[in-house]
Amino acid sequence: NGNTFTMSSDERRSTIDALDALTEKQTPEELAEVEADVADAVLTVLEKSDSEENEIDATEDADAVLRVLAKLRHSDNKEKCVERLSKSLAQAASTGVRTKLFKAGNLTVAGVNRPGDDLGDSTIESDDSSLKLPAGDAVQKLLGTNELSVVSLSTTVNTENDLGVAGLEAKYQTAATDVVDYSMQVNGEDKAIKNVADGITIKLKIKRAASAANADKAGAYICRYFDTEAKQWTATGVTFVAVNQLTASTAELECKSTHL
């Protein structure tokens, strides 16, 4: 009929609560039949509104949204929902202060805002992973940002590899770390960066016990990123730096990436 439907913030919250209750009561078999519809509904809830008063309150509603998403099997729509939630959190964060880590099931999301003229050494961390931009103004120049710009960094952590093993050699097909996705936005718009000469530093805690001997073993670990267009893991622009021993039984994998 040509009319545009607008969902209010109260309607969004009611929908989230209903989905949370619905998925809590479902058996795995029952949930499998409705999870595509559930993911579609969550996407609608997270859609950008035409007015601030109708927006979802990301920091207030993230726990419930994440509880729903954690119950769903991997799908493109689930990934879109999780990414959209983490970006909403980043935009809602106080400048320079990371939001709390929102956790449910195998998922963790968080975000942080930075002024566009002060990006050097900016970081975003979760329990077992971190990203750090290079020092100086290299990233600022690549993005073309200034003191009026707001740059949002978001992180999504999945303790399981739902993306498959395409592109990985057989000996590397068991993930040694969490699978972590980082995203960047400038003034609310998605922004990809590449050709970062000094590299973006990413550190990931190795999940299984890591002895010093294993850490020093050549080829024990590699760094890879998932190419969403090719649907496979690739080494393009990503390099292994080191395995840093943290304690006698824990270590972290350090990588560099020229893109984000």
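Under 4.0 Å is where a charged nitrogen must lie from a carboxylate oxygen, and between Glu60 and Arg13 at least one such pair does. Under 4.0 Å is where a charged nitrogen must lie from a carboxylate oxygen, and between Asp127 and Lys103 at least one such pair does. Under the 4.0 Å criterion applied to side-chain N and carboxylate O atoms, Lys100 and Asp63 are assigned as salt-bridge partners. A salt bridge does not link Glu125 to Arg98: none of the charged nitrogens lies less than 4.0 Å from a carboxylate oxygen. A salt bridge links Asp20 with Lys71: at least one charged nitrogen is closer than 4.0 Å to a carboxylate oxygen.
The minimum heavy-atom distance linking His259 with Ser257 is given by the pair O-OG, 2.7 Å. In terms of heavy atoms, Val45 sits closest to Arg12 at O-NH1, 2.5 Å. When all heavy atoms of Ala230 and Asp227 are compared, the closest pair comes out as N-OD1, 3.0 Å. Of all non-hydrogen atoms in Phe102 and Ala62, the two that sit nearest each other are CD2-CB, 3.5 Å. Nearest heavy-atom pair across Ala70 and Asn106 is O-OD1, 4.3 Å. Of all the heavy atoms in Ala175 and Asn161, the pair that sits closest is CB-CB, 4.5 Å.
Contact of the Leu168 side chain with the Arg224 side chain is registered, since non-hydrogen atoms from C-beta on lie closer than 4.5 Å. Side-chain contact between Leu260 and Lys194 is absent, with no heavy atoms from C-beta onward closer than 4.5 Å. Considering only heavy atoms from C-beta on, Glu29 comes within 4.5 Å of Thr27 through its side chain. When side chains are defined from C-beta on, Thr108 does not count as touching Thr156, because their heavy atoms never get closer than 4.5 Å. By the 4.5 Å heavy-atom criterion applied to side chains, Val196 and Leu142 are counted as neighbours. Put simply, the side chain of Leu119 reaches to within 4.5 Å of the side chain of Leu143, judged on heavy atoms. Side chains of Ile16 and Ile56 form a contact here, defined as non-hydrogen atoms less than 4.5 Å apart. Residues Leu69 and Val42 meet the side-chain proximity criterion, which asks for heavy atoms closer than 4.5 Å.
Side-chain atoms of Thr250 never come within 3.5 Å of backbone atoms of Leu246 as a donor-acceptor pair (strictly under, hydrogens ignored). Side-chain N or O atoms of Glu11 include one that pairs as donor or acceptor with a backbone N or O of Ser8 at under 3.5 Å. Judged by distance alone, the side chain of Gln232 and the main-chain N or O of Phe226 form no donor-acceptor pair under 3.5 Å. Checking side-chain atoms of Trp233 against main-chain N and O of Gly164 turns up a donor-acceptor pair under 3.5 Å. With Glu160 contributing its side chain and Asp162 its backbone, the two residues share no donor-acceptor pair below 3.5 Å.
Linking ILVMFWY residues whenever their side-chain heavy atoms come closer than 4.5 Å, directly or via other members, leaves Val157 and Val68 in distinct clusters. Follow the hydrophobic side-chain contacts under 4.5 Å out from Leu163 and you never reach Val82; the two are in separate clusters. Using a 4.5 Å cut-off between side-chain heavy atoms of Ile, Leu, Val, Met, Phe, Trp and Tyr, with links allowed through other members, Ile222 and Leu204 fall into different hydrophobic clusters. Follow the hydrophobic side-chain contacts under 4.5 Å out from Tyr182 and you never reach Tyr225; the two are in separate clusters. Residues Val241 and Val243 fall into different hydrophobic clusters, defined by Ile, Leu, Val, Met, Phe, Trp and Tyr side chains chained together at heavy-atom separations under 4.5 Å.
Expressed to the nearest 0.5 Å, how far CG of Leu46 lies from NZ of Lys87 amounts to 12.0 Å. The structure places OG1 of Thr159 at 7.5 Å from CG of Leu107, a figure rounded to the nearest 0.5 Å. The distance from the CG atom of Leu131 to the OG atom of Ser126 is 10.5 Å, given to the nearest 0.5 Å. For the atom pair Thr228 OG1 and Glu83 CD, the distance stands at 9.0 Å (nearest 0.5 Å). If you take CZ on Phe240 and CD on Glu254, they are separated by 9.0 Å, rounding to the nearest 0.5 Å. Distance check, rounded to the nearest 0.5 Å: CG of Leu153 to CG of Leu133 gives 5.5 Å.
Shown here is Glu147, whose CD atom has more than 12 heavy atoms of other residues, nucleotides or ligands within 6.0 Å. Heavy-atom neighbours of Glu24 CD from other residues, nucleotides or ligands within 6.0 Å: at or below the threshold of 12. Heavy atoms of other residues, nucleotides or ligands lying less than 6.0 angstrom from NZ of Lys205 number 12 at most.
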Subject >> Worked check of side chain to side chain contact (heavy atoms under 4.5 Å, CB included) between Arg73 and Lys78 >> reply: CA-CA 8 Å; Arg73 294 175 299 178; Lys78 175 182 175 178; over 6 Å; no
**OP:** Apply the test side chain to side chain contact (heavy atoms under 4.5 Å, CB included) to residues Thr23 and Val38: give CA-CA distance (whole Å), side-chain angles for both, the deciding distance (0.1 Å), then the verdict.
**Re:** CA-CA 8 Å; Thr23 53; Val38 171; 4.2 Å; yes
**OP:** Apply side chain to side chain contact (heavy atoms under 4.5 Å, CB included) to Ile200 and Lys132, showing your working.
**Re:** CA-CA 6 Å; Ile200 300 164; Lys132 184 177 182 180; over 6 Å; no
Original post:
Should Thr123 and Ser130 be marked as a side chain to side chain contact (heavy atoms under 4.5 Å, CB included) after you check the CA-CA gap, both sets of side-chain angles, and the distance that decides it?
Top reply: CA-CA 7 Å; Thr123 63; Ser130 67; 6.0 Å; no
Would you give me the side-chain donor-acceptor pairs under 3.5 Å for residues 109-118, sequence neighbours excluded?
from   : atom 1 : to     : atom 2 : distance (Å)
Asn113 : OD1    : Ser152 : OG     : 2.6
Asn113 : ND2    : Ala90  : O      : 3.0
Asn113 : ND2    : Gln91  : O      : 3.2
Asn113 : ND2    : Ala93  : O      : 3.0
Arg114 : NE     : Asp118 : O      : 3.4
Arg114 : NE     : Ser122 : OG     : 3.1
Arg114 : NH2    : Asp118 : O      : 3.0
Arg114 : NH2    : Asp118 : OD2    : 3.0

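Counting only N and O atoms by type, the side chains of Thr59 and Asp57 include a donor and acceptor under 3.5 Å apart. A side-chain N or O of Asn77 and one of Asp40 form a donor-acceptor pair less than 3.5 Å apart. Thr201 and Lys256 share a donor-acceptor pair across their side chains, judged by distance under 3.5 Å alone.
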